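Chain letters run A, B, ... following the sequence lines, proteins first, then strands; residues in each count from 1. Heavy-atom basis, side chains included; hydrogens, waters and symmetry copies ignored. Worth saying up front: this structure is predicted, and the values here are computed from it rather than measured.
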Amino acid sequence: MTIVKHELRQGKTALLIWTAAIAFLLMICIFLYPEMRGEMDEVGDLFSSMGGFTAAFGMDRLNFGTLIGYYSVECGNILGLGGAFFASLAGVSILAKEEKEKTAEFLLTHPVSRARVVTEKLAALAIQITAMNLILLALSLLSIQLIGERLPLKEVLLLHGAFYLLQLELAGICFGLSAFLRRGSVGIGIGLAAMMYFLNLIANLTDQARFLKYLTPFGYCEGADILEKGRLNTGFCLTGILFACAGIAAAYWQYVRKDIA
Amino acid sequence: MNAIQTEDLTKYYGKTRGIDHIHLTVRQGDFFGFIGPNGAGKSTTIRTLLGLIRPDHGTAQIFGRDAVRQRAEILARVGYLPAEVSFYPGMRVRDILKLSAGLRGRDCRKTSGRLCERLQLDTSRRAEELSFGNRKKVAIVCALQHDPDLLLFDEPTSGLDPLMQKEFFEILRERNKAGATIFLSSHILSEIQHHCTCAAMIKNGTLIAEGSVAGLLGTKTRRVSIRGTVDCSSLPGVKDLHRTPESTDFLYSGSQKDLLRTLLRGDVWDITITEPDLEEVFLHYYEREDL
């Protein structure tokens, strides 16, 4: 538990800043909704007639006239991208930073097995992501209450659940990469998250690219699909969980063998 | 059982040599000096002993346990001071000491308090505000506060002022008397000479000499450099003789009187007589003859 506590303390500032930034943008979006609703009919027409762009964001199938339709695109992008960046960054640096900042010699010359280091760091990562998502969910629900909208609880929970899973998946993959890296981890984390995001946009554009939805966690976070079906796509989710597990397994495999620079 | 025992220990970083077939034995209770120039493989050896890196070949045992497979058991009994000290950003000294004790599952406050007092370390400061020497002190306390049986110190005195060095070696001597084995690396001859009972010399990744310090350094060997013309080749005790028409340079372990008499017979403009560096002693008086 010592390493978990230590990691949480070390990561506290970053977690607070990311959570505050995402929460701020999320809440602004929600508070803007009452004003936007009046114009939504027009905007909706506009949004649904932008061809490929419309399809890329799934806006051809969403009703902007409802809060949840609006929320799933606007807030989905904020929570989706923001959460993905945070989870990737946290995951990709949590093991690699020890060598980058030369603290590995300190940590790993204590009588703690490498496997325990990996386990405790993984636990700290999961705790941070979970804490962030709980705070964001609570603030989101509260904001919806504050603007006096009916609470589409099931849909909001499904959306947030999907993004939570997305963050865990990206964190898991990045955690695996982290065990192999010594430097430059930040760029790889951001790059991976951004690449996943764009893969989903491409997958939305054409049916030939639809298989990409299996690769990117944004595939199962598509607001239009979730609201239409009322559930997450099991196939995409399971593939995602598989990727995350592979990342975590790779982290254990590599870190117990690794020469510490 | 030996404190440290390595057999054929070999580590290459890609094609670059780290250490090559190191056979090293450190008995329990030894105050052992590990000498070598920069890049000779001192740190690689120590890091392999700690299980930070895996040997390509050969084995390392500490207190009879394998450095790769029984890492955690070994580390519970070892205190390590790295050559370059780095800590987590934003942490205060006392939090670092507490973290280190926590990772060992021990409460070390009593010992750490005493050590901080002796080393004059302010535990309320943040580690990154500290000077290099003071950061080193934090690492020294981390390495000593759990009363380890083996101290592995990599160039421990760099950055410490002379008073602190004195206090530091005083602490080491006390620990050694109390039964702890001490293994420290250094490239400073006098440090090893004054404090260690045994020593090994490493060069280009290979051990070139090993033995008791008294035995290794107890000679009156001097390096003599002369400008002028004098023939010293027949003088007993001359080694490693280099001559040019205007200068003569050699290691000398014979009688001082004989040397002075010989010098008087020649034409000497300038002369320097210095203690040879350790490497020369090892190379010319021990490796080639005794070992």
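- For A:Arg9, no part lies near chain B; criterion is any non-hydrogen pair under 4.5 Å.
- Heavy atoms closer than 4.5 Å to chain B are found in the backbone of A:Lys258, but not in its side chain.
- Using a 30° and 60° split on the angle between ring planes, A:Trp18 and A:Phe86 fall in the tilted class, from 30° to 60°.
- For a residue to count as touching a neighbouring chain, one of its non-hydrogen atoms must lie under 4.5 Å from one of that chain's; by this rule B:Ile96 touches chain A with backbone and side chain alike.
- Contact tally against chain A (heavy-atom pairs below 4.5 Å) for B:Ser100, B:Gly51, B:Ala72, B:Pro82: the top residue is B:Ser100.
- The side-chain tip of B:Arg173 does not point at the ring of B:Phe31 from less than 6.0 angstrom away and within 45° of straight on.
- Ion pairing between a basic and an acidic side chain is recognised when a charged N comes within 4.0 Å of a carboxylate O; B:Lys11 and B:Asp20 show no such pairing.
- For a residue to count as touching a neighbouring chain, one of its non-hydrogen atoms must lie under 4.5 Å from one of that chain's; by this rule A:Gln10 touches chain B with the side chain only.
- B:Arg47 touches chain A through its side chain: at least one heavy atom from C-beta onward sits under 4.5 Å away, while N, CA, C and O do not.
- Proximity to chain A is limited to the side chain of B:Arg71, based on heavy atoms less than 4.5 angstrom apart.
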- Item | CA sep, side-chain torsions, deciding dist, call: A:Tyr214, A:Phe236, ring-ring contact (aromatic ring centres under 6.0 Å, His included) | CA-CA 5 Å; A:Tyr214 281 100; A:Phe236 297 161; 4.8 Å; yes

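- Heavy-atom neighbours of B:Phe132 CZ from other residues, nucleotides or ligands within 6.0 Å: above the threshold of 12.
- In this structure, no portion of A:Val117 lies under 4.5 Å from any heavy atom of chain B.
- A salt bridge links B:Glu155 with B:Lys42: the distance from a Lys NZ or Arg NE/NH1/NH2 to an Asp or Glu carboxylate oxygen falls below 4.0 Å.
- Here B:Pro89 is the residue among B:Ala143, B:Pro89, B:Gly105, B:Gly79 with the most heavy-atom pairs under 4.5 Å with chain A.
- Note on ring orientation: taking the six-membered ring where Trp is involved, the planes of B:Tyr88 and A:His6 are perpendicular (angle over 60°, cut-offs 30° and 60°).
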